[in-house]
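Since the structure comes first, as structure tokens, the remarks are kept for the end.
Just the heavy atoms: all of them, side chains too, but no hydrogens, waters or symmetry mates, feed the values below.
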Amino acid sequence: MQYLHTMVRISDLDASLHFYCDLLGLKEVRRKESEKGRFTLVFLAAPEDEARSTELQAPELELTYNWDPEEYTGGRNFGHLAYRVEDIYALCQKLQDNGVTINRPPHDGHMAFVKSPDGISVELLQKGDALPPKEPWVSMEKTGSW
């Protein structure tokens, strides 16, 4: 398993970049804009992690800016932790066998979401290419939030 990023939702992209980059000293390493999803993702790395971030896309801070204004309450501005895993199906099975709900099953063989005992969302991403779709994950319903 490899730690990837922590995601936080932000309400002002410029103010956030000023804080995280200009004041804290983090570096913007990549950006993704989605017209369809109406959001911008900005990935930041600490200066000493910049080379690893470029090579591995980890460890990073992901700033998520939703274009449509939204008030974040109840901790919703904190998004999730993300880990790259060797076998997403095997890990999801282990978690499920031990009573963990798979909130967003790995329908696509690439991504799943679970929650910690304290309700923290954890994103699991398959290392390398997505695994071929496989039951029971393909048919499993999404549940709750993530």
From CA spacing to verdict: side chain to side chain contact (heavy atoms under 4.5 Å, CB included), Glu71, Ser11:
CA-CA 8 Å; Glu71 185 174 326; Ser11 56; over 6 Å; no
Evaluate the side chain to side chain contact (heavy atoms under 4.5 Å, CB included) criterion for residues Asn103 and Lys142: first the C-alpha distance (whole Å), next the side-chain angles of each, then the deciding distance (0.1 Å), finally the verdict.
CA-CA 5 Å; Asn103 300 98; Lys142 296 175 185 174; over 6 Å; no
Determine, step by step, whether Leu23 and His18 satisfy the side chain to side chain contact (heavy atoms under 4.5 Å, CB included) criterion, reporting the C-alpha distance in whole Å, the side-chain angles of both residues, the deciding distance to 0.1 Å, and the verdict.
CA-CA 6 Å; Leu23 302 179; His18 174 68; 3.8 Å; yes
Interatomic distance, CE@Met1 vs NZ@Lys127, rounded to 0.5 Å, equals 12.5 Å
Measure across Trp137 and Pro105 and return the closest heavy-atom pair with its distance rounded to 0.1 Å.
O-CB, 3.9 Å
Assigning hydrophobic clusters by single linkage (Ile, Leu, Val, Met, Phe, Trp, Tyr; side-chain heavy-atom cutoff under 4.5 Å), is Met111 placed with Val138?
no
Using 0.5 Å steps for rounding, measure from the CZ atom of Phe78 to the OG atom of Ser121.
8.0 Å
Can a donor-acceptor pair be found between the side chains of Thr143 and Glu141 at a distance below 3.5 Å?
no
same_hphob_cluster(Leu125, Leu41) at 4.5 Å side-chain heavy-atom cutoff
no
Decide whether Leu26 and Leu17 are clustered together by the hydrophobic rule: side chain heavy atoms of Ile, Leu, Val, Met, Phe, Trp, Tyr closer than 4.5 Å, transitively.
yes
So Glu33 and Tyr65, do their side chains get closer than 4.5 Å, heavy atoms only?
no
Quick check: do Pro106 and Lys134 have side-chain heavy atoms less than 4.5 Å from each other?
no
Within one Ile-Leu-Val-Met-Phe-Trp-Tyr cluster: Leu131 and Tyr83, side-chain cutoff 4.5 Å:
yes
Test log, rule side chain to side chain contact (heavy atoms under 4.5 Å, CB included), inputs Arg31 and Thr40:
CA-CA 7 Å; Arg31 183 181 290 227; Thr40 300; 4.0 Å; yes
Within-4.5 Å side-chain heavy-atom neighbours: Leu4 and Glu123:
no
Check whether more than 12 heavy atoms from other residues, nucleotides or ligands sit under 6.0 Å from atom CG of Asp129, and answer yes or no.
no
Atom CG in Asp87, atom CD in Gln126: separation rounded to 0.5 Å?
6.0 Å
Heavy-atom side-chain proximity of Ser53 to Phe43 below 4.5 angstrom
no
Report the distance from atom CD of Glu28 to atom CG of Leu61, rounding to the nearest 0.5 Å.
11.5 Å
Do Glu135 and Met140 touch side chain to side chain, with heavy atoms closer than 4.5 Å?
no
Which value, rounded to the nearest 0.5 Å, describes the distance between Leu44 atom CG and Lys27 atom NZ?
11.0 Å
Any chain of hydrophobic side-chain contacts (each under 4.5 Å) joining Val42 to Phe19?
yes
Side chains of Val8 and Leu63: does their closest heavy-atom pair fall under 4.5 Å?
yes
Flag side-chain contact, heavy atom, 4.5 Å: Leu124 against Leu95:
yes
Flag the pair Arg30 and Glu60 as a salt bridge only when some basic side-chain nitrogen lies within less than 4.0 angstrom of an acidic carboxylate oxygen.
yes
Calculate, to the nearest 0.5 Å, the distance between atoms CD and CG belonging to Glu62 and Leu81 respectively.
11.5 Å
Can you tell if the side chain of Val29 reaches within under 4.5 Å of the side chain of Glu50, non-hydrogen atoms only?
yes
